[in-house]
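For this chain, numbers begin at 1 and follow the sequence in order.
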Amino acid sequence: MTSTVHRTEFMPALRMLITGPLEMMMEDAITSAAISFCRQSECVVAKRSIARASAGELVTVCDVDGMLSCSIISVSGPNGELSSGVEYFAISPNEISILAPLDELTIWYAMAPANNAEQLPSMLLQQYADAICAGAASILYVQPDRPWTDPKRGAYHQTRFVEGWREAKRFRLQNVQAKQTTHTNPVRRHQFF
């Protein structure tokens, strides 16, 4: 279970970037920025274990309230990784169809808050609050016909937001590559004349 915080925890940092919008508008912008951040970076990873799944069964990947899977990282059974199209079929990022009976199914996935979420993963506040607030500020600054509308500031904060999720994505990819590079090819022996 991923620990969560209420989206209002981001408000003090967001208020330092923009003044004027109503609190509800700011909270909605925080949720929108968090959703986009999680989908782009795939930084919030979780695991779901299922003891038994029968053929034809539809399995919801993310069973955490207020969250949805945005990417399936891997699906494995007791004998190793399973193949999409053989043992299961991904219907959407949050739902798979089981094609053959499976025991001890493990699904690793990246998740993001649902559209109406008020609770956000706490790791976003602890590690990426600046990026989330920059994303929220960029959303608010580009709203048309508002007293606080400022496209230049919106673009500036959008750049900071993109840099933040790219940094989180790099971290995720480096950890995946470290896992994959543990195998080394054997040294080839050649015989020459």
Task: Salt bridge Arg7-Glu27, side-chain N to carboxylate O under 4.0 Å - done: yes
Task: Leu120 side chain near Thr4 side chain, heavy-atom distance below 4.5 Å - done: no
TODO: Considering only Ile, Leu, Val, Met, Phe, Trp and Tyr, and joining two whenever side-chain heavy atoms are under 4.5 Å apart, list the other residues clustered with Ile91.
DONE: Leu58, Phe89, Leu99
Task: Any donor-acceptor N/O pair, Ser92 side chain to Glu95 backbone, under 3.5 Å - done: yes
TODO: Begin with the C-alpha distance, continue with both residues' side-chain angles, and end with the deciding distance and a verdict on side chain to side chain contact (heavy atoms under 4.5 Å, CB included) for Asp28 and Met25.
DONE: CA-CA 5 Å; Asp28 289 343; Met25 295 171 78; 5.8 Å; no
TODO: Using atom types as modelled and distance alone, determine if a side-chain donor or acceptor of Thr19 lies under 3.5 Å from a backbone N or O of Arg15.
DONE: no
Open item on the list: I'd like to know if Tyr156 and Leu17 are part of one continuous hydrophobic network [Ile/Leu/Val/Met/Phe/Trp/Tyr, side-chain heavy atoms within less than 4.5 Å].
Closed with: no
Open item on the list: Looking at every non-hydrogen atom in both residues, tell me the closest pair between Cys43 and Ala168 and how far apart they are.
Closed with: CB-CB, 4.0 Å
Open item on the list: I'd like to know if the side chain of Trp148 and the backbone of Leu140 have a donor-acceptor N/O pair within less than 3.5 Å.
Closed with: yes
TODO: Anything under 30° is parallel, anything over 60° is perpendicular, the rest tilted; go ahead and classify His157 against Tyr141.
DONE: parallel
Open item on the list: Do Ile18 and Leu22 land in one hydrophobic cluster if side-chain heavy atoms of ILVMFWY residues count as linked below 4.5 Å?
Closed with: yes
TODO: Report the C-alpha separation of Glu87 and Leu102 in whole Å, then their side-chain angles, then the decisive distance to 0.1 Å, and conclude whether the side chain to side chain contact (heavy atoms under 4.5 Å, CB included) test is met.
DONE: CA-CA 8 Å; Glu87 289 95 359; Leu102 299 170; 4.2 Å; yes
Open item on the list: Per the ring pair (Phe, Tyr, Trp, His ring centres under 6.0 Å) rule, what does the pair list look like for residues 98-124, sequence neighbours excluded?
Closed with: none
- [ ] Check the pair Glu42 / Ser71 against side-chain hydrogen bond (donor to acceptor under 3.5 Å, both in side chains), numbers first and verdict last.
- [x] CA-CA 7 Å; Glu42 298 180 353; Ser71 175; 3.2 Å; yes
TODO: Nearest 0.5 Å please: distance from the CG atom of Asp150 over to the CD atom of Gln143.
DONE: 13.0 Å
Task: Residue Arg160 excluded, over 12 heavy atoms near CZ under 6.0 Å - done: yes
- [ ] Look at the side chain of Ser36 and the backbone N and O of Ser32, then say whether any donor-acceptor pair between them is shorter than 3.5 Å.
- [x] no
- [ ] Check step by step if side chain to side chain contact (heavy atoms under 4.5 Å, CB included) holds for Val59 and Arg48.
- [x] CA-CA 11 Å; Val59 174; Arg48 177 158 188 217; 3.9 Å; yes
TODO: Taking all heavy atoms of Thr106 and all of Ser49, pick out the closest pair and write down the distance.
DONE: OG1-OG, 4.1 Å
Open item on the list: Looking at every non-hydrogen atom in both residues, tell me the closest pair between Tyr88 and Leu82 and how far apart they are.
Closed with: CE2-O, 3.8 Å
Task: Cys62 versus Met111, closest heavy-atom pair with distance - done: SG-SD, 4.0 Å
- [ ] Find out if a path of hydrophobic residues (ILVMFWY) with successive side-chain heavy-atom gaps under 4.5 Å connects Ile107 to Leu68.
- [x] no
- [ ] For Gly154 and Ser138, work out which heavy atoms get closest and say how close.
- [x] O-CB, 3.3 Å
Task: Rounded distance (nearest 0.5 Å) linking atom CD1 of Ile30 with atom CD1 of Ile35 - done: 12.0 Å
TODO: Check whether Val5 and Val64 end up in the same hydrophobic cluster, where Ile, Leu, Val, Met, Phe, Trp and Tyr are linked by side-chain heavy atoms less than 4.5 Å apart.
DONE: yes
Which donor-acceptor pairs under 3.5 Å do side chains of residues 121-136 form with protein atoms, sequence neighbours excluded?
{"from": "Ser122", "atom 1": "OG", "to": "Ser3", "atom 2": "O", "distance (Å)": "3.3"}
{"from": "Ser122", "atom 1": "OG", "to": "Ser3", "atom 2": "OG", "distance (Å)": "2.5"}

Open item on the list: Walk me through whether Ile72 and Val61 qualify under side chain to side chain contact (heavy atoms under 4.5 Å, CB included).
Closed with: CA-CA 8 Å; Ile72 299 171; Val61 175; 4.0 Å; yes
TODO: Over all heavy atoms of both residues, which pair between Ala29 and Ile139 is shortest? Give the atoms and the distance, please.
DONE: O-CD1, 3.8 Å
Open item on the list: Salt bridge check, Glu167 against Arg172: does any charged N sit closer than 4.0 Å to a carboxylate O?
Closed with: no
Open item on the list: Can a donor-acceptor pair be found, under 3.5 Å and without considering hydrogens, that links the side chain of Thr149 to the backbone of Arg146?
Closed with: yes
- [ ] Starting at CD of Glu104, measure out to OG of Ser76 and round the result to the nearest 0.5 Å.
- [x] 10.0 Å
